[in-house]
K.L.:
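Sharing a structure here in structure tokens format.
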Amino acid sequence: MTAATLPTAHTPLRKHIGLGQVLVQSATLSRRGIVKLRRHPAGLADVIIGPAIFLVLFGYVFGGAISGDTGDYLQYVFPGILGMMSLFATMGVGVSLSTDLSEGIFDRFRSLPIARIAPLVGAIGSDIVRQLVSLAALIGFGLLLGVRFETNLWSVLAGCALALAFALAVSWAVVLLALAIKDPMAVQDLGAVIILPLAFASNIFVPVETMPGWMQTFASWNPIGHLVDAVRGLMMGGPVSEPLMLTLIWMAVFVVVFAPLSLIAYNRRA
């Protein structure tokens, strides 16, 4: 081996890494993120308090004006807020990833003989805990406020699983955002600026039919709207197959488009 080919901290010797090893390495790095949450549980405050705030504000402040009955409106808006809070919870992976990058943690990962994509998959995997806490908090507050599911337990669990899977797919876009922006707080702020318009220009709070024509067109293509339709059907009854299919398509698009872009951005920055 000549001096020109000697490995450095940024060019470690790597052998072929199989899929099984990638999964093990990603799970190990996911555990690191989970341990961080366990040691600093205050980081879960937003996904615990946020659902209660949104349910109370939209259910009791706007519910009477929108539908004439707060109870009926809570039944309508609950699946939508569940989908929206799942997306907001993905901001945690962006902030955590941006913080690690700014502190040089990922430089250490690059010096290890692990798969390039393992740190990114690990970061997204550790976000599952935040997502589960957010779902549990929202369902708990919803039941306390009088929300009642109109389908069976398995359908409700399927709705939660779909929202979780959708959020994990969208996390690749958040990862790319974190890799492009150096400031963790800027990642959170910009993420909220992107999510809020998508949330309000959808069927989360009001039926699409009540919107102006041009906004109906946008809402009909809004991926959040398809997710909410599917979750609403699974939890409260209604059509499921078509919105579920569209949601799965959007999930595949997020992964296929943003996962490779995130890996390219990671290799350039980390």
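Every value quoted in this text rests on a predicted model; they were computed, and no experiment measured them. In this chain, numbering begins with 1 at the start of the sequence shown.
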K.L.:
How close do Leu176 and Ala265 get, heavy atom to heavy atom, and via which atoms?
P.N.:
CD1-CB, 3.9 Å
K.L.:
Taking the ring of Phe78 and the ring of Phe149, is the distance between their centroids below 6.0 Å?
P.N.:
yes
K.L.:
Looking at every non-hydrogen atom in both residues, tell me the closest pair between Ala178 and Gly94 and how far apart they are.
P.N.:
CB-O, 3.4 Å
K.L.:
With rounding to the nearest 0.5 angstrom, report the CD to OG distance, Gln131 to Ser171.
P.N.:
6.0 Å
K.L.:
Counting distance only, does the side-chain N/O of Thr151 pair as donor-acceptor with the main-chain N or O of Met235 below 3.5 Å?
P.N.:
yes
K.L.:
Under 4.5 Å between any side-chain heavy atoms of Tyr76 and Asn203, yes or no?
P.N.:
yes
K.L.:
Can you tell me how far SG of Cys160 sits from CG of Leu132, rounded to the nearest 0.5 angstrom?
P.N.:
9.5 Å
K.L.:
Go through the structure and list residues passing side chain to side chain donor-acceptor pair (under 3.5 Å) with Gln216, not counting sequence neighbours.
P.N.:
none
K.L.:
Taking side chain as C-beta onward, heavy atoms only, is His226 less than 4.5 Å from Trp221?
P.N.:
no
K.L.:
Heavy-atom distance under 4.5 Å between the side chains of Phe88 and Leu196, does that happen here?
P.N.:
yes
K.L.:
Cluster question for you: counting only ILVMFWY and a side-chain heavy-atom cut-off of under 4.5 Å, with indirect links fine, are Phe54 and Val56 together?
P.N.:
yes
K.L.:
Any side-chain heavy atom of Leu246 within less than 4.5 Å of one from Met251?
P.N.:
no
K.L.:
Please list, chain by chain and in numerical order, all residues satisfying side chain to side chain donor-acceptor pair (under 3.5 Å) with Gln188, sequence neighbours excluded.
P.N.:
none
K.L.:
Measuring from Met185:CE to Leu190:CG, what's the distance to the nearest 0.5 Å?
P.N.:
12.5 Å
K.L.:
Looking only at heavy atoms, what is the nearest atom pair of Leu145 and Leu55, with distance?
P.N.:
CD1-CB, 3.8 Å
K.L.:
For a quick test of reading the model, state the closest non-hydrogen atom pair linking Arg232 to Gly80 and the distance between them.
P.N.:
NH2-N, 4.0 Å
K.L.:
Carefully, step by step, assess Leu74 and Tyr60 under the rule side-chain contact (heavy atoms from CB on, under 4.5 Å).
P.N.:
CA-CA 8 Å; Leu74 275 173; Tyr60 291 101; 3.8 Å; yes
K.L.:
Can you name the nearest heavy-atom pair linking Tyr73 to Gly59, along with the distance?
P.N.:
CD2-CA, 4.2 Å
K.L.:
Quick check against the 3.5 Å criterion: does Thr210 have a side-chain atom that pairs as donor or acceptor with the backbone of Val206?
P.N.:
no
K.L.:
Ring-plane angle category for Phe254 and Phe166, please: parallel below 30°, perpendicular beyond 60°, tilted otherwise.
P.N.:
perpendicular
K.L.:
What are the two closest heavy atoms between Arg148 and Leu143, and how far apart are they?
P.N.:
NH1-O, 3.2 Å
K.L.:
Got a sec, which residues hit side chain to side chain donor-acceptor pair (under 3.5 Å) with Thr70, two or more places apart in sequence or on another chain?
P.N.:
none
K.L.:
As a test of understanding, state which of Leu157, Thr247, Val240 forms a side-chain contact (heavy atoms from CB on, under 4.5 Å) with Leu162.
P.N.:
Thr247
K.L.:
Can you tell me if Glu150 has over 12 outside heavy atoms packed within less than 6.0 Å of its CD?
P.N.:
yes
K.L.:
Please round to the nearest 0.5 Å and tell me the distance separating atom CG of Asp183 and atom CG of Asp189.
P.N.:
8.0 Å
K.L.:
Can you check side-chain contact (heavy atoms from CB on, under 4.5 Å) on Leu234 and Val156, steps first, answer last?
P.N.:
CA-CA 6 Å; Leu234 287 167; Val156 173; over 6 Å; no
K.L.:
Do Leu261 and Trp172 have side chains that approach each other closer than 4.5 Å (heavy atoms only, starting at C-beta)?
P.N.:
no
K.L.:
When you look at Val231 and Met236, which way does the side-chain contact (heavy atoms from CB on, under 4.5 Å) test go after all the steps?
P.N.:
CA-CA 8 Å; Val231 173; Met236 303 302 179; over 6 Å; no
K.L.:
Could you tell me the separation between the CD1 atom of Ile224 and the CG atom of Asp229, rounded to the nearest 0.5 Å?
P.N.:
12.5 Å
K.L.:
With a 4.5 Å heavy-atom cut-off, do Val147 and Gln75 have their side chains touching?
P.N.:
yes
K.L.:
Hey, are the side chains of Ser86 and Leu135 touching, using non-hydrogen atoms and a 4.5 Å cut-off?
P.N.:
yes
K.L.:
So do the side chains of Leu198 and Phe218 get within less than 4.5 Å of each other, counting heavy atoms only?
P.N.:
yes
K.L.:
Are Leu227 and Val256 connected in a single hydrophobic cluster, I mean Ile/Leu/Val/Met/Phe/Trp/Tyr linked by side-chain heavy atoms less than 4.5 Å apart?
P.N.:
no
K.L.:
How many angstroms lie between atom CD1 of Ile81 and atom CD1 of Ile53, to the nearest 0.5 angstrom?
P.N.:
11.5 Å
